[in-house]
Amino acid sequence: PANNDVFDSRAEMGALPVSPATIVVADDGTGDFTSIQAALDAANPDDTIEVRDGVYIEGRSGLGLSGAILHVQTQVNVIGDSVDGVQVLSALPGTDGRTAALLFDAGTYDSTFSRMTFVHDAPGTETASTGTYAYAAFAEVGTEVVFGSATMSELVVVMDDAHTKGLLYQNNSGFSQIIDNVTLDFGDTTPGALGYFNQVSVDVVTDSILYNADCRWVVTGNYTTTAQYAPTYSDFFGCLTPPIGTGNIVSDPLFVDGPGGDYRLMSTSPAIDAGNPSPDNDDPDGTPGDMGALAFDAGDADTDADDDT
């Protein structure tokens, strides 16, 4: 044990310690993997997975849920080339039950996902007693309480055709989530709740757009603790009133073509320059930060935008 290196339980003979690796995913076969899930399965703790622009059809069933587009089993950092260039589509079959774009196992609580688009459509039977339940993120229960914060930034998540929809579902009291510069479209069928919780949670939502949200945070089961979250500088279009917090609005964000999957902002969008006013949050064009995953470039026309970075 005295010879252990800082990254692993064993020291390598005649070599420097093996640092966390960078794994490349490319749908054209030029990377280490063509599937994001395959890279997640192969990753070691604290590895970085870089996803090249492309279309990835992902999905895994039989996880306690009805399924998830991506199943996170190891603490990793996943970053795409660009928000609208990395398209992650669901391969999950239409079925009743809970599904998630991202399923976090216990022990993966400090993972990060950024710069990609998830299309999480979950068609299924919609009745009073059964239905499809779609979430952007689902935190799985663990036997141990491990405090951590999964960070989701510069993501677009599109959810529709589900009976019940939510931003977050949390099964573990030691898990919180940071939602930063995320555009979440709950679709036009039923508004999506912001969170469903089986245990207490503290969550941060900032610089984001939640389209067709109903602003409920629901504590389920027999628990009496109240879910806590701190939304700031976000657009909760669909809410009757904005959640309490600095800089929140309730306005149509004016996407270029939301139904067509184009979530860039038109030049008249109220989300432009409405994010956190800190200079550290400025957009690449030097203007104050915007809400949502795709920042409007003041030098471009209505149909042009650059990714928030």
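Nothing fancy with the numbering, it's 1 onward along the sequence.
Put simply, the side chain of F236 reaches to within 4.5 Å of the side chain of P231, judged on heavy atoms. With a 4.5 Å cut-off on side-chain heavy atoms, L294 and T183 do not count as touching. You'll find the side chain of V55 reaches within 4.5 Å of the side chain of L89, heavy atoms only. Using a 4.5 Å heavy-atom cutoff, the side chains of V88 and V86 are in contact. Contact annotation: the side chain of V78 approaches that of L40 to within less than 4.5 Å [non-hydrogen atoms, C-beta and beyond]. Between P288 and P277 there is no side-chain heavy-atom pair separated by less than 4.5 Å. Side-chain contact check for Q73 versus Q37: some heavy-atom pair is nearer than 4.5 Å. Within the 4.5 Å cutoff, no side-chain heavy atoms of F118 are placed close to those of V158.
Using modelled atom types, one finds no donor on one side chain facing an acceptor on the other under 3.5 Å when comparing T48 with T22. Residues T34 and D27 bring no donor and acceptor atom of their side chains to less than 3.5 Å of each other. Side-chain atoms of S35 and E58 include a donor-acceptor pair closer than 3.5 Å.
In this structure, R52 and A26 approach most closely via the heavy-atom pair CG-CB, 3.9 Å. For the residue pair A43 and I49, the shortest heavy atom distance occurs at CB-CD1, 4.3 Å. Nearest approach of L155 to A293, heavy atoms of both residues: O-CB, 3.4 Å.
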Residues L102, M152; criterion side chain to side chain contact (heavy atoms under 4.5 Å, CB included); working and verdict: CA-CA 10 Å; L102 291 169; M152 289 168 281; 3.8 Å; yes

Residues V205, L210; criterion side chain to side chain contact (heavy atoms under 4.5 Å, CB included); working and verdict: CA-CA 10 Å; V205 178; L210 292 93; 4.1 Å; yes

Candidate pair I69 and V119, rule side chain to side chain contact (heavy atoms under 4.5 Å, CB included), full reasoning: CA-CA 9 Å; I69 297 178; V119 180; over 6 Å; no

Salt bridge (Lys or Arg N to Asp or Glu O under 4.0 Å) assessment of D41 paired with R60: CA-CA 12 Å; D41 291 344; R60 175 171 286 177; 2.6 Å; yes

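At distances below 3.5 Å, not a single donor-acceptor pair connects side-chain atoms of T74 with backbone N or O atoms of N44. Here the side chain of D257 pairs a donor or acceptor atom with the backbone of G260 at under 3.5 angstrom. Judged by distance alone, with hydrogens and angles left aside, the side-chain atoms of E50 form no donor-acceptor pair with the main-chain N or O of V25 at under 3.5 Å. Under a 3.5 Å cut-off, the side chain of N212 and the backbone N or O of G238 do not form any donor-acceptor pair. Judged purely by atom type and a 3.5 angstrom limit, D28 uses its side chain to pair as donor or acceptor with the backbone of T30. Of the possible polar contacts, none joining the T268 side chain to the M266 backbone as a donor-acceptor pair under 3.5 Å is found. Remark: the backbone N or O of D290 is paired with a side-chain donor or acceptor of N181 at under 3.5 angstrom.
Taking CG of N77 as the start and OG of S111 as the end, the distance is 7.0 Å to the nearest 0.5 Å. The structure places CD1 of I179 at 7.0 Å from OG of S208, a figure rounded to the nearest 0.5 Å. We find the CG-CG distance between D235 and D252 to be 8.0 Å, quoted to the nearest 0.5 Å. Summarising the geometry, atom OG1 belonging to T206 is positioned 6.0 Å from atom CG belonging to D180; distances are rounded to the nearest 0.5 Å. I36 CD1 to L70 CG: the interatomic distance, rounded to the nearest 0.5 Å, is 5.5 Å. Between F296 atom CZ and S269 atom OG the span is 9.0 Å, to the nearest 0.5 Å.
With sequence neighbours left out, N276 forms a side chain to side chain contact (heavy atoms under 4.5 Å, CB included) with D207, Y233, S278, N281. With sequence neighbours excluded, the residues that form a side chain to side chain contact (heavy atoms under 4.5 Å, CB included) with P270 are I249, S251, L254. By the side chain to side chain contact (heavy atoms under 4.5 Å, CB included) test, A274 pairs with M291, sequence neighbours left out. Qualifying salt bridge (Lys or Arg N to Asp or Glu O under 4.0 Å) partners for D46, counting only residues two or more places apart in sequence or in other chains: none. Every side chain to side chain contact (heavy atoms under 4.5 Å, CB included) that D32 has, sequence neighbours left out, goes to I23, V24.
Residues in residues 244-269 take part in these ring pair (Phe, Tyr, Trp, His ring centres under 6.0 Å) pairs, two or more places apart or across chains: Y211-F255, F255-Y263.
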